[in-house]
Amino acid sequence: MDGVTVATAILSLLAGVGIFLVACSTMSSNLEAVSSNKLKNLFAKASKSKMTGVAIGAVGTAAIQSSGATTVMVIGFVNAGIMSLTQAATVIYGANIGTTITGQIVALGMFGGNSLSTTVIFSAFAGIGAFITLFAKKDTVKKFGGIFAGFGMLFVGLSMMSGSMEVFSELDSVKLFLANINNAVLLVLVGAILTAIVQSSSVMTSVAITMLVTGLITLSQGIYLTMGSNIGSCMVAMIAGLSSSKNAKRTAFVHLIFNVSGVVVFLILGGVISLVTGGNINFGVIFESLFPGIPQTQLAMFHTVFNLLTVIIMLPLTKILTDVVCKIVPDTEETEAKEKHLHFLDSHMLRTPPIAVAQLKNEIVNMADIAMTNFNRALDIISTQDFKDEEVFKETENELNFINRELVHYIVELSKMQLNESDHAYLATALRSSSDLERVGDYAENIVEYATILRDEKQQFSVSAIAEIQYLREVIKDLFDNVMKAYKDKDIDALMKASEIEENVDIITEKMGNNHITRLNAGICTPLVGAQYLEMASNSERVADHLYNVAKAIKEWK
């Protein structure tokens, strides 16, 4: 065999791996876009139930075709304080089960023999998907075209990898080299390193399956390479976790220890089985007898069984696992400086855009709560002339400004991702909603400044003026409640109610102005007090306007 043939085989292998990776990415992004609402609802159900966490991880990973993306997203949830370490652990368990679906798909595509190969049939989906994407008018149909194209490209890449493996299988030097690698630990290490390099356990498993089918490796070698791929798949999560918060680091270690533990258990179990049977039985022999004559299914099924049994073993030990990682990454005795951060969003969530959109909505709802709390705090200060919460007010106002700035950057990044039409429409309004809520904070800040003027001049509002402020506060609270109901639930009835209340606020503030003139003429208040009162009423009316703007946004993305 000449050098050109060998070089061609090497280049074909690289091309096949590249196409496979691109196919995974294409299929994943389109699947996320099409199933975004279901994904959002799925991860919103993460609870203290261990089985629920496992199911969420498995289904979510099967949907987005990436355990790495699921794990990094979970690290983002933990980093933002949305998910506990125990919940994160169970979702990671499930992700390891969900990722085995790729190996099963690859195995399915390698049937055919002398008849029409399933690889060729499935590869044709790439062309079908491309035509759908090219000629479809509706965005959703185009996304389905992208799914078909990605699915077909998986098998195009698989075919190229398989073809290159057939060339290598004819080289005595390659067969001799691989035949000498029988040490289970070494094979696990090789699988881990190669997976860490390509950052995809699916690719490593698929390469192992093609090597097995072409006779380059034995089933036992493929099994240990696949086990190693589970450890190598932790690299992405470790990189993501180590650059994040303490709990995110712990989540990354949960992933690593879980996968390493599964491999260690199976290495010991394999050694015991071999020792007891005098070397006559091992995992390879067991799965060859269970699925005779179909090596691709033998390895794919081992991968699935391995991950399932690892979850069954580790699930009852979750508390012990989380305790161990808490000792590895302990709480520091010193009080750490509290850094500002978004409450529901994390950069790692950008790996799964539909989930990031759902968390963006939660972030804006949280921002609204913060803004409303500070507005009420401002009304308390100006009504009572009690400035004990002034520092808290300033800190909260700084937090609102920070959240607004961070959301602008986050939304810009998120808008570059592949999303469905509804999510893109939501992003277009999210920037405005964030700005509206930041303006609520600014008007609250103005009200505190008016309170400061009154304090410096040793003056305050009359009893009747304070009563009017209290009434206005209650009306705006009613407005806020309806705004939030409309925004969170896309409730048109709540939006209509909010519109009525907002118009009522205009009437109330106008009446407050008239009442002020009456008090001024009666000498009940001074011109200085009256000026601050009118400004306070005007700013409150603008707060109501901005709150209503947030609710109106649902018309654009309902």
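Count residues from 1 along the sequence.
Asn374 places no side-chain N or O within 3.5 Å of a backbone atom of Thr396 that could act as its donor or acceptor partner. At least one donor-acceptor pair closer than 3.5 Å links the side chain of Lys361 to the backbone N or O of Tyr487. A side-chain donor-acceptor contact under 3.5 Å links Thr452 to the backbone of Val448. Glu541 places no side-chain N or O within 3.5 Å of a backbone atom of Thr509 that could act as its donor or acceptor partner.
For the residue pair Tyr533 and Ser462, no side-chain donor N or O sits within less than 3.5 Å of a side-chain acceptor on the partner. In this model, a donor atom of one side chain and an acceptor atom of the other lie less than 3.5 Å apart for Thr526 and Gln459. No hydrogens or angles considered: nothing links the side chains of Glu535 and Asn446 as a donor-acceptor pair under 3.5 Å. Between the side chains of Ser434 and Asn404, a donor-acceptor pair is found at a separation under 3.5 Å.
A salt bridge links Asp380 with Arg473; the closest basic N to acidic carboxylate O contact falls under 4.0 Å. A salt bridge is absent between Asp493 and Lys497; no separation between the charged side-chain nitrogens and carboxylate oxygens falls under 4.0 Å. A salt bridge is defined here as a Lys NZ or Arg NE, NH1 or NH2 lying under 4.0 Å from an Asp or Glu carboxylate O, and Arg432 with Glu556 meets this definition.
Taking the centre and axis of the six-membered ring of Tyr443, the NZ or CZ atom of Arg439 falls inside the cone set by 45° and 6.0 Å. With a 6.0 Å cutoff to the six-membered ring centre and a 45° limit on the axis angle, Arg455 does not count as a cation-pi contact of Tyr450.
Other residues, nucleotides and ligands contribute more than 12 heavy atoms inside 6.0 Å of the CZ atom of Phe387. Counting heavy atoms of neighbouring residues, nucleotides and ligands inside a 6.0 Å radius, atom CD of Gln470 exceeds 12 of them. Counting non-hydrogen atoms of other residues, nucleotides and ligands closer than 6.0 Å to CD of Gln385 gives a total above 12.
Here Asp481 pairs with Lys477 under the salt bridge (charged side-chain N to carboxylate O under 4.0 Å, His left out) rule; sequence neighbours left out.
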